[in-house]
Amino acid sequence: MKIAIYPGSFDPVTSGHMDIIQRSSRIFDKLIVAVLENKRKTPSFTVEERMEMIRKASADLPNVEVGTFSGLTVDYARLCNANAIVRGLRAISDFESELAMAAMNKRMAPELDTVILFTSSEWSFISSSVVKEMCSFGGDIHGLVPDCIAEEVQNKLQGCGGIK
Ligand code: PNS
């Protein structure tokens, strides 16, 4: 059984993330979307909120599960018996950091491979930060995040005056 984890902050999950989730769920038997709980950062959404939004948005994908971790990605991947770590690449600007992360992960866990999917071009400009910025200044985020969570994201972030 081919199992992959897709780690990230997902604060909040965007249409770009969903593109990667949908496509990688067709490649692997099981995909675990792994939400990082980073104690050094203050996210806009709690881990539970982020996980629930991903669950809602991927409800039609039976082989997708949602988990959370707070340490190294490779440790969580091993815990999940995963063979691969999925990451999305939006543009060349993502390349250096993704290459460094993949190299570090390979050094720590040689049995795991990083599988990079190129984000579909229509989503290549979207990030959680851009969504939060737009939202906080009253911009319309419909289409940038899954429809089923757009209202929740908007309600939480609208008028908060900047990225948190
Ligand atoms: O959505 P993001 O913020 O780009 O995701 C980054 C993430 C969570 C994949 C990365 O920060 C991560 O793996 N953090 C856990 C610690 C770790 O394993 N770092 C990689 C080795 S340097």
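Just so it is clear, the values below take in all heavy atoms, side chains as well, and ignore hydrogens, waters and symmetry mates. Heads up: numbering here begins at 1 and tracks the sequence. First listed ligand is number 1; within each ligand, the first listed atom is number 1.
- If you check which protein heavy atom lies closest to atom 11 (O) of ligand 1, you get Leu36 CD2, 4.3 Å.
- Here atom 7 (C) of ligand 1 lies nearest to Arg87 when heavy atoms of Lys41, Glu37, His17, Arg87 are compared.
- Residue contacts with ligand 1: Ala100 is excluded, as none of its non-hydrogen atoms falls under 4.0 Å.
- The Gly71 neighbourhood of ligand 1 comprises atoms 15 (C), 16 (C), with distances under 4.0 Å to a heavy atom of that residue.
- For atom 10 (C) of ligand 1, the nearest protein heavy atom (residue, atom name, distance) is Met101 SD, 3.7 Å.
- The closest heavy-atom contact to atom 20 (C) of ligand 1, among the options Asn38, Asn105, Thr73, comes from Asn105.
- Distance CD/Glu65 to OG/Ser25: 12.5 Å, rounded to 0.5 Å.
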Problem set entry | Candidate pair Val130 and Phe125, rule side chain to side chain contact (heavy atoms under 4.5 Å, CB included), full reasoning | CA-CA 9 Å; Val130 163; Phe125 60 94; 5.8 Å; no
For this session: Go through the steps for Met101 and Thr114 under the test side chain to side chain contact (heavy atoms under 4.5 Å, CB included), then give the verdict.
Result: CA-CA 9 Å; Met101 199 152 63; Thr114 296; over 6 Å; no
Exercise. Do Ser24 and Leu117 pass the side chain to side chain contact (heavy atoms under 4.5 Å, CB included) test, and can you show the C-alpha distance, the side-chain angles, and the key distance before you say yes or no?
Worked result: CA-CA 8 Å; Ser24 47; Leu117 294 188; 4.0 Å; yes
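- Ring planes of His17 and Phe10: perpendicular class, angle over 60° (limits at 30 and 60°).
- With respect to atom 1 (O) of ligand 1, the closest heavy atom belonging to the protein is Ser9 N, 2.9 Å.
- Interface of Leu72 with ligand 1, defined as ligand atoms under 4.0 Å from a residue heavy atom, comprises 17 (C), 18 (O).
- Note: Arg90 CZ to Ser120 OG = 13.5 Å, rounded to the nearest 0.5 Å.
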